[in-house]
Amino acid sequence: MSTNQPLPRIAVHSLTGCAGELLVILENLDKLLPFVHVTSFPFAQGKNEIRPVDITFVEGSVSQPHDLEKLTELRANTRWLVAVGNCAVWGCVQRAGCNHCSVQKMIDAVYGTNSPIEALPAAPLDHYVPVDVKLSGCPIDATQFLAVTANLLRDHLPYVTHKPVCLECKLKENGCVLIEKNLPCLGPVTAAGCGALCPSVGAACYGCWGPCEEPQMEAMATILSEKGYQLDEVLGRLQAFGAPKELFVRLEKS
Amino acid sequence: MGNSEKKRIEIPEICRVEGHSAVYVEIDQGKVTNVQLDVFEGTRFFEQIVIGHHFEEIPHITSRVCAICSSGHVLAAINAIEHILGFHPNTTVSLFRELLHLGMVIESHATHICALALPDFLNIPDLMEFASAHKEEFSTWTILRNLGSAIQTTVGGRAFHPVNMHVGGISRCPSGDELKPLLEKLSFAQQKAIDLCSLLMQFQPKVRRTTEPTFLALIPNKGKYGFFGDTVKSSDGWEQSIQNYRDYLSEKSVPYSHAKQSKGRGKPLMVGSMARLALFHDLLDGQAKHIYQSSPLASGDTNTILNNLAQAIEVVHAIERAQEIIRVLQEVEEPQFAHPEITKLKPIAGSGSGAVECPRGTLYHYYDIDEAGKILQADMVTPSAQNTARIELDIREVVDQTLGKTSDQLEGNLETLIRAYDPCNTCATHMVSVNYL
Amino acid sequence: MKALNSGFVPIKGTLRSIVPMAQDNYLFQISVEDGSLSGCQPGQFIMLWIPGVGEAAISVCSGQVDGTLELCVRKVGRVTSALFQLEEGSFVGLRGPFGHGFPLDEYKGKDLCLIAGGLGVAPIRSLWQYVLAHRENYGKIILIYGMRHSIDLLFRQELRVLLRRHDIDVYIAAEEIVGPDLPPVPEQLGRVTDMIKLAPIDQNFQVAVCGPPVMYQYVIEELLAKNVRQSDIWLSLERHMKCGMGKCGHCFVGGKFACQEGPVFSLLELNLLPEVIECHRK
Amino acid sequence: MDICYKFSKESFLDFFKLMQSFGQVHAPVRVSEQSFSFRPVEKPEQIAFEALRTILPPKKMFFPQRETLISYSGKEVKDHTPEPLAQVLFGVHPCDLAGLGIMDNIFSAGPPDSHYLARRQATLVVGLSCMPDKHCFCNSMGTDFPHSAYDIFLTDIGEDYYLQIATTLGEKLFDPKPDFIKTIDDQDNQSYKDFWTNRDKAFTSNFKSDNLKQIFDLEKDNPVWEELGKRCLSCGNCTPVCPTCYCFDVIDVASLDGNSGSREREWDSCQFTGFAKVSGDFNFRPGPVDRLKFWYRHKLHGFDDSYGLKTCVGCGRCTVSCPADIDDIVGVVLRLQASQNESKKDESA
Ligand SMILES: Cc1cc2nc3c(=O)[nH]c(=O)nc-3n(C[C@H](O)[C@H](O)[C@H](O)COP(=O)(O)OP(=O)(O)OC[C@H]3O[C@@H](n4cnc5c(N)ncnc54)[C@H](O)[C@@H]3O)c2cc1C
Ligand code: SF4
Ligand code: SF4
Ligand code: SF4
C-alpha cells in the first residue's frame, strides 16, 4: 500500500453481548493502529462518527429494537460487515435461553406487563442483514481476527473454515476426554478456532464456538446417551451456545 | 440561565464504559427534579437462561454475563453451587481460584484506569492520540493488562471465560514451570502499578459530591485483604451472611432502564474498590498499605473520583498477593504431567448463594437445584446494579452544585463521574425478576 | 541425498491483459518470466496464486504456451474474486503445469468430438486451438458447447470464426436465451445431450469432455448410446485441489490423484465408484 | 543383511548417550493416564518403554501438524524447506516403521516433498519390539515384523536388547564399537527367534487380507455402511492418528502490512464435509457414509492402484481414537467377509 493513500477506516460496535470481542479488539489495537483509522469505537474512545467505513466489526446479538436500528445503520455505512463472536454469529447463550422461554414472558416477569421496554428474541446478525464474514468464538481468537482483518484491509475475502474442534485437539496431541474420561465433550460438533482449549486442559468442550460445518448432532447425542447422559441434558448442552434449533429437528422427533 | 427555565440534560450514549447507557437530568426552577441512568444494553435474562441446565454447565454459561469480570461470574456460580452441595475445595484449588481472580482484578482495573478513565484527566479524544501522545500511560496499560491476561490464561486456560475452572475443582493444575514466567512479569509490573498510583494522586478531582456513601463489601477470608468471603459488612455498622442477601438488598426495576437497582437496607449503596478499602484497609500489607496511607483515602476523603486511585492501590495489592500465591503453589509436589484437581460432585437438591468481590463490587449468585442437578431457579445481583442508585444520587448532587456552568463542561463532568464507578452495563442487564417473599 | 527445492515456490507471472467475456468470466493473459511453462499441454492446469489469499487450479486455456498463457476464469470465491480485482501489470504466482492433459498421441489420426459445458470450455478451447493448429493429424472434428444462458457464451468472436470453417463442425446451444443471441447456429436451444444426439458421432470417435460435475453422468449415457467405447471417452474431472503434486489428498478419486494422473481420465480407467461421477449439491 | 549385536538393558544409558551424540532424541513419553506422545527427551527415565501406541504416529516428526511452506514480501518469495537437523526417533514399533515406509514412498514420489524429505533424511530411526494388545492387527496387514524404514532395531530378549543395524547411518553410530556392545551367539539368536514366535501367538485380532479389494467392491452396498455412517461424528479423529494419512490444507496467512505473509499447510481430514467440495458447492462425498466408505477403501486397498500399497498398517490407532467406536477395522472387515461367505453359500445352495 502506498503511504499517501488514506488508511482504511474501521468501526467497532456492540449490540447485546458480554463485550468480550470489544476487549479482544481493544487489546490488539496497538497492532492494528498503524494500518487503520478507527472512526468509531464507543467502548474505547470519546469521539465517534458514524460515516461510511471499509470494515465494521459488530459484536453481540440483536436483542432489542435499538440493536436492530443500530445494525441497520452500520450495515448501510460499511463495505464489509464482520460479525464477531458467537453472539453475532449464532446468538450465543441468550438465543439458547429464548428457545425455552418466550421473550415477552421474560419482559412481563421483569418489568411488568405494561412496561414500555421492548426486547426481541435474541438473534444473530444475519437474521436481519447480510453479513460478509462471520468470525465465531467466545471470545474470538486474536490471531484469527488479525489475519482476517489483514485480508479485509486488502479487500479480500478471508479463509474461514468450520472444521470440528477434534481436529485441533488431535493436532495438539491431547488424549481424548470423551474416550478416556467419558466427559461429555462437544468437540466433534463444535467449530474449531479456539485451539481445543477445553480438552487441552482435560475438560469437555461445551461448544462455545458454535456448531461446526454440518455437525452430526444425532450421532453426538447417540454417543453421549450411551455414556449415560440423559437425552434432555444432552440437548441442553448441545444448544447452550446458540446452535440453531433446525439442527435438532430430527433429534427432537425421535 | 433563568431560574424558571425547564432544562433537560441528555447524554445519549456514555462512551468509554462497558456496555450501553445514557443519562437524563431534568431541571426545573434551578433544581434537579429527575435523574435517570438509563442502561439500554439489551436484556439477556441470564437467570432464565440457566434454568434446566446441569449445575456443571453453569459457570461456563454465567461467565458470558460479562467478559471483563467473567472470572467473577464463574467463581460466584461455583461458590454458590459448591455451597449447596456441601463441597469444600482443597488449598491448591482455592489458591488457583484466588490467583485467577487476582488476574482479573489486575486486568479489569488496568483497563478501566488507563484506557477508560485516564483519557478524561489527560484530555485525550481518541485512541490514536492516546497511543501516540501518551506512550508512557499506554504502555503501563499494555503491561498491566498483559499481566492480568497472562495470569488468567495460565490459570484459567484463556484470557477470560476460563475453561479450566469447574464446579468441584480445576481440570488441570498449571505446572511450576508454567507459573514461573508469571513471577517475572509480576515483579516487572509492580513498579508500573506503583507509578500509576502516584500519577493518579496528582489529578485534582473535577467534581465533588456531598452525601457520605454507605459502603458495603465482603469481609475477606483468613483476615487478609482479599476478594472472597461469606459475610458482608456495611459502613453503617451491620454485618450479614450472604446467604441472607435478600434481607439486606432490595432490588427493583425502574421503567426507564433495562438494569435494575438495588439498595442496601433502603439506602443507596456504594460497592467496589473504595468500599473495600474504606472497610478493610487495615488488612492491607506491603506497598499497597504504604500507598494507601499516603493517599487522600486514608484521611477519609470519599470523593467518587478517588475510586480510580482505590483501584490502582488494589492493583498493587493484587500483584503482591499473586506473587505470594505462586510461591506457595510452586512448592506443591507435582507428578510427571500436569494433574487434575477435581472432584465429580453428586447432585443434591437444595438452594444457596455464593458471592465474590468483583472489580466493581460484590457479586451475588443464587441457585436452586433439583435432585438431578438441574437448575430450578437462579438470581444474580451485580455490583453495577448496587451502585446505580448511588450514581443517580451523585449526579443529582453534582448537577445541583454546578448549575449555571455551561452544559458542555457539565456533561463531561457527569461522564467522568459515572465512569469513575466503572459501571458495567452488560452485567447490570442480565437479570430477570425473582419474586422476593 | 541432498535437500530439494520446495515444489511450493511459485513462478513469477505478470498479468498482461484482462478481457471480460461474459458476466463474471474474464480471460486473463499472463506472461511468465522464465518460460518454464512452455511445455503446457491442452487439459493440463496450473495453480494460480494470489499472495495472501490462496491458490486455485485453473486450466490452461491457450493451445500453445510460450512466454504467455491464457486463463479463462469465473469469479466464484476468494481467489478468483481477488484475481478479478487485480490490474494489468500485477504480480501473480504460478505453479505447474500439472497433470496429464488430453491424450494427444491417442487422438492422432482419429475422429474427434470435443464436448464443453459452461466454463468447461476453458480446457476444451486449448484443445481445439491445438488440434486446429495441427489439423492434418486428425479426422473429423466436432465441437459441442452448451451453456445455461446464452449470455454466458464465452469466446464469442473465436467461435464465429470456427463456425465459418469447414474443417470443424460446431454445435452451440443454450438452455435459455437470455441477452444476446448465439452466433448463427441451427439449433439455439437445447442441452449438451441434445447436441450429442444430433451430431454424427459413432464408435470411431475419440471424445474429450469437460463441464460442470452434474453434466458427466448424462453425457456418458448419451455417448455410450452412440457406441463410443469407454476407453475413448476422456473426461476432465474437477476436484478440490491444494497442492497439484499428489500429496494433499483432496483430489483423490477412485484410487487416483486427479492432479497427477488426471485431471483427464478415460472412462475405462476410472474405478466406477459412485463418487467418481455422481455429485450432490449442498 | 542387518549387522547384529546385543547390549545389556543395564547399559541402556550408554546406548542413550550414543543416540544423543547423534542428535536430539525423541521418544514416547506418557502424557495422560492412557496416552503417550513422541516428545524430546533428555534422559532414559523420561521414556515410556511400555507405550504401545502414541496418540500421533511418528509422521509428525517429518510432516508436522502445521508448517510454513513459503513466505513472501512483495514479489520476493522465500522457500521454507527446513535445514536438515540431525535427530533420533527412538522406540518405533514395526507397524509405525511400515507406516514411515509408506510415507517415504508417497512423499518422494512425483514431485518430491522437500519439507518431509529434509527432515526424514537427517533422522536416525531406532525401532523397538513390542507385544500386541487386543487392538493390534499388524499381523493381518503383513506389517508385524520390521522390514525397512529403520536404521537400528532393538528386540527385547530379556536381559538384553538384540540390536540390528540396517543402514550406514546406523553403522556409523557404532564406529568405533563401544564397549557395551557385545557380539551375539547362537543362544541370542534363538532368544530373538523365540521372541518373534511368541509375539506371533499373542495376537488376538485377526483377519485375512488377501481379498480386501474384492470384499470392498462387492460389499459396497452392505448395510454395515449405513449403520456406521449413522454413528459417525465426522470428527476426523481417525485420520491425524493414522501413520499413513497425509492429507493437508494450505492456508495463506497475510500480514497487516498488506505486502507480506506466508503459506502454511495444516493436516486435514477426508472425514470433513468440505474436503471434497468444488465450486458451485458440489460435493462428491456429501454424507458420513460416503466419507467413511471412502476412508475404509482408501486405507485397505485404495493404493492398490496408485502405489501398489495398502495403507493400513494395523496399528489400531483409529480403533482406539474413534469416539463412536466405529473404526473397528477388524470387526468391519470380518463382517464384510462373513457377508461374502454368506452370499457364496447362498449361491451354491
Ligand atoms: C483441474 C481443474 C481445472 C480448473 N480450471 C478452471 C478454469 O479454467 N477456470 C476456472 O474459473 N475455474 C477452474 N477450476 C475451478 C477452480 O479451481 C475453482 O473454482 C477455484 O479453485 C475456486 O477458488 P476460489 O478461491 O475462488 O473459491 P473458494 O472461495 O475457495 O470456494 C468457492 C467454492 O469452490 C470450492 N473450491 C475450493 N477450492 C477448490 C479447488 N481447488 N477446486 C475446485 N473447487 C474448489 C469450494 O469448496 C467452494 O465451494 C478448475 C479446477 C480444477 C480442479
Ligand atoms: S477430547 Fe473432545 S475435541 Fe478432543 S478428540 Fe475427543 S471428542 Fe474431540
Ligand atoms: S474447546 Fe469448545 S468450549 Fe472450549 S473453548 Fe474451544 S470451542 Fe469453546
Ligand atoms: S470414523 Fe470415528 S473417528 Fe473417524 S470421523 Fe467418524 S466418528 Fe470420527
Side-chain angles (χ1 to χ4, degrees), chain A residues 1-2 8 28 31-36 143-144 146-156 158-182 185-190 192 202 212-220 222-224 226-227, chain D residues 29-39 54-57 60 64-66 228-242 249-262 266-269 271-275 277 283 286-288 317 320-326:
Chain A
M1 259 176 284
S2 74
N28 287 281
K31 303 185 190 93
L32 280 183
L33 279 179
F35 306 106
V36 300
T143 314
Q144 193 186 24
L146 293 172
V148 161
T149 307
N151 273 306
L152 294 176
L153 289 177
R154 296 210 65 188
D155 229 8
H156 292 150
Y159 184 50
V160 182
T161 59
H162 298 98
K163 298 172 188 175
V165 168
C166 290
L167 174 70
E168 291 182 330
C169 187
K170 282 287 109 16
L171 296 193
K172 283 197 160 174
E173 208 170 1
N174 295 328
C176 175
V177 300
L178 191 54
I179 297 173
E180 291 189 10
K181 300 188 181 177
N182 278 323
C185 185
L186 304 187
V189 291
T190 303
C212 65
E213 186 179 22
E214 291 182 33
Q216 303 297 321
M217 293 298 187
E218 280 123 280
M220 192 74 236
T222 308
I223 279 122
L224 289 182
E226 284 170 6
K227 292 192 184 286
Chain D
V29 162
R30 187 179 280 280
V31 291
S32 78
E33 304 290 337
Q34 297 166 43
S35 307
F36 304 92
S37 162
F38 282 103
R39 299 272 161 99
T54 47
I55 301 174
L56 294 182
K60 69 167 189 181
Q65 291 90 320
R66 184 165 177 136
L228 301 187
K230 266 213 181 82
R231 293 180 61 87
C232 179
L233 298 158
S234 295
C235 67
N237 269 342
C238 40
T239 59
V241 303
C242 177
D249 197 353
V250 181
I251 302 146
D252 268 68
V253 184
S255 308
L256 285 164
D257 66 18
N259 197 35
S260 61
S262 61
E266 184 179 88
W267 295 1
D268 203 351
S269 172
Q271 298 306 298
F272 301 151
T273 313
F275 187 82
K277 258 196 200 163
N283 198 339
R317 279 194 183 84
V320 300
S321 318
C322 172
D325 287 327
I326 55 175

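The figures that follow rest on heavy atoms only: side chains count, while hydrogens, waters and symmetry mates do not. Remember, predicted model here, so these are calculated numbers, not experimental data. Residue numbers begin at 1 in each chain, while the letters A, B, ... track the order of the sequences.
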Heavy-atom pair with the smallest gap, counting every atom of [X] and [Y]:
X	Y	answer
A/Asn151	D/Ala254	OD1-CB, 4.3 Å
D/Ala324	A/Ile223	CB-CD1, 3.5 Å
A/Tyr159	D/Val250	CE2-O, 4.3 Å
D/Leu256	A/Leu146	CD2-O, 3.8 Å
D/Ser35	A/Gly175	OG-CA, 3.8 Å
A/Lys170	D/Leu56	O-CD1, 3.5 Å

*In Å, rounded to the nearest 0.5 Å, how long is the span from CD of A/Glu218 to CG of D/Leu233?*
11.5 Å

*asked:* I need the D/Asp257 CG to A/Leu153 CG distance, nearest 0.5 Å.
replied: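 With rounding to 0.5 Å, CG (D/Asp257) is 10.5 Å from CG (A/Leu153).
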
_Audit row: D/Val320, A/Ile179, side chain to side chain contact (heavy atoms under 4.5 Å, CB included) steps and yes/no_ = CA-CA 8 Å; D/Val320 300; A/Ile179 297 173; over 6 Å; no

*Neighbour count above 12 (heavy atom, 6.0 Å) for A/Lys172 NZ*: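 For A/Lys172, atom NZ is crowded (more than 12 foreign heavy atoms under 6.0 Å).
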
Which answer fits [X], side chain, backbone, both or neither, if we ask what part of it has an atom under 4.5 Å from a heavy atom of chain A?
X	answer
D/Ser269	neither
D/Phe275	neither
D/Pro64	neither

If you count heavy-atom pairs under 4.5 Å between each of [options] and chain D, which one has the most?
options	answer
A/Lys31, A/Glu226, A/Lys227	A/Glu226
A/Thr149, A/Leu167, A/Leu178, A/Val189	A/Leu167
A/Gln216, A/His156, A/Lys181	A/Gln216
A/Thr161, A/Val165, A/Thr222, A/Asn174	A/Asn174

*Are any of the side-chain nitrogens in A/Lys163 or D/Glu266 under 4.0 Å away from the carboxylate oxygens of its partner?*
no

_Evaluate D/Thr273 against A/Glu213 for side-chain hydrogen bond (donor to acceptor under 3.5 Å, both in side chains), listing each step before the verdict._
CA-CA 7 Å; D/Thr273 313; A/Glu213 186 179 22; 4.8 Å; no

_A/Glu214 vs D/Ser234, side chain to side chain contact (heavy atoms under 4.5 Å, CB included): CA-CA, chis, key distance, verdict_ = CA-CA 9 Å; A/Glu214 291 182 33; D/Ser234 295; over 6 Å; no

